[in-house]
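Everything on this sheet refers to the single structure shown next.
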Amino acid sequence: MIRLLLFAPLLFIVGSRALAFQLDELTKYIDSHQEEYVQTLREWVAVESDSSDVLKRSEVERMMNITAEKLKAMGGNVELVDIGIQELPWGKTIPLPKVVTAQFGSDPAKHTVCVYGHVDVQPAKKEDGWATEPYNLTDINGNLYGRGASDNKAPVLAWIHTVQAYQALDIELPVNVKFVIEGMEETGSNGLDAMIVSQNDTFFADVDYIIISDCGWLSRRPALTYGTRGNCYFFAEVEGPKQDLHSGVYGGTVIEPMTDLIGILDTLISPSGKILIPGIQEAVSPLSDEEWKMYQDIEFDVENYKRKMGVNRLMYSSKVDLLAHRWRYPTVSIHGIEGAFSAPGTKTVIPAKVIAKFSIRQVPNMEPAIVEKQVTDYLHAVFGRRKSPNKLKVTMVIGAKPWLADTQHPLYEAGREAVKKVFKVDPDMIREGGTIPIAKTFQDVTRKSIIMLPIGAFDDGLHSQNEKMNRYNYIEGTKLFVAYLHEVGLIKKY
């Protein structure tokens, strides 16, 4: 017994050294294959998998098949899951792109992680203001420009290359790895929620943790993301005359729908940014001392933030206030008015019906159903005080919930260790101001712990012209994923 006790620590030391050597070998392998990785990304970016354009649906389907074939070639247990049909506005129906699922390893003694990603993209045309052809990956000074390069094709490939690297060096994966890759994320992940529900007791049954890499860093410092805001999107429709009217003939005699609409929109938010709808601000939990300290330590250049947007003044001047209002406080944004004259030139028209489109980014403690009632009741009350003969209709068309994780969870401890191993710094702990609805769906349906592990840069230009992925982030991000799987494998399994 004494001899065994003396020998056990030696095994631990030898094992640790061997593992450290293996991680070093993995990173060397990734470095030596980076040109291959860039070429694969070039081939994926060349597929115009724009999920918003039904005329390009075949390209989305081709992208799903390419993804499935790559995972099959690696020996994964791959399925193309049918998630139903999509009804188009004019009544026709078309099949939704199949979701790709894959599995590598099924050792019950190991943790099982599920990596989520998407391979559809936003629309892009050269004439939109791109400096390069959007579907031809172009390397300029280490920046890989192309639609979908950062959102989300490079991160998906980085995860695939992570598994490939372990396989190529015949190193056992420290965890079982599953993939869920979809092709409709940019248009709302149609059909995916139902698929997650239907496979909760099968595909997701043995999953311990879910990893999402569909986000980016806040600065040049690597980051771990632990929260997102939700989104309640509204239409406010004011209808008056039976048809559009000439302002010279009817102006001054008719109560105009546009005037009513502008009037009620002006009551949503004050010039200082305070939401005026009763109950919204009251639902928000106050900023804690711990949060304040966390925000204070985050790397964030306010002046650079202003320059990037091309503005000379922001709503708030301090870093903490700006980050808090970007991440953990609700906001109101007015996006546009349908039915209004917006073409070049002049047109003296009084629109008969106008529809305002605005959204409220919601935060934890705000429920979409409650927000819907608060907004609807408030706008009808404001409209009623105008004593207008016109009709108001308020509709909430999106009610996506926010998501928040525990930064002290072992998943995040593993993330901190992996970042320190690869980048030699502590990561920033950040939240996203935008909405990633699938995170909340995964949380509510599967009850699994989730982490967002980004590798995209802060200036990648997602959804914008000249979207890019830094070669550095792509390659070092792959190393991060390799290290992260190792760290997750060390989490004690109960």
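- Seen from the ring of F203, K178 counts as a face-on cation partner, given the 6.0 Å and 45° thresholds.
- Side-chain contact check for K468 versus S150: every heavy-atom pair is 4.5 Å or farther apart.
- The ring of W159 has its center no closer than 6.0 angstrom to the ring center of Y166.
- When each of F458, Y295, Y305, W327 is tested with F300 by the rule ring pair (Phe, Tyr, Trp, His ring centres under 6.0 Å), just one qualifies, namely Y305.
- Taking 4.5 Å as the limit, every side-chain heavy atom of F179 sits out of range of all side-chain heavy atoms of Y116.
- A centroid separation of 6.0 Å or more is found between the aromatic rings of H409 and Y226.
- Counting only N and O atoms by type, the side chains of K153 and S49 include a donor and acceptor under 3.5 Å apart.
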Indicate every side-chain donor-acceptor pair of residues 167-177 with a distance under 3.5 Å to a residue at least two apart or in another chain.
unit_1 : atom_1 : unit_2 : atom_2 : d
Q167   : NE2    : M74    : O      : 2.9
E172   : OE2    : K110   : NZ     : 2.6
N176   : OD1    : S106   : N      : 3.2
N176   : OD1    : D107   : N      : 3.0
N176   : ND2    : D107   : O      : 2.8
N176   : ND2    : T112   : OG1    : 3.1

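- In K126, the NZ atom is crowded: over 12 heavy atoms of neighbouring residues, nucleotides or ligands sit closer than 6.0 Å.
- A 6.0 Å sphere centred on CD of E290 holds no more than 12 heavy atoms belonging to other residues, nucleotides or ligands.
- A donor atom on one side chain and an acceptor atom on the other are found under 3.5 Å apart for S51 and D120.
- In this structure, Y316 has its ring center under 6.0 Å from that of H325.
- Every residue two or more places apart in sequence or in another chain that forms a side-chain contact (heavy atoms from CB on, under 4.5 Å) with R221 is listed here: S219, E299, V425, D428.
- Scanning for side chain to side chain donor-acceptor pair (under 3.5 Å) contacts around T138 gives an empty result, with sequence neighbours left out.
- Under 3.5 Å, the side chains of S52 and E186 contain no donor-acceptor pair of N or O atoms.
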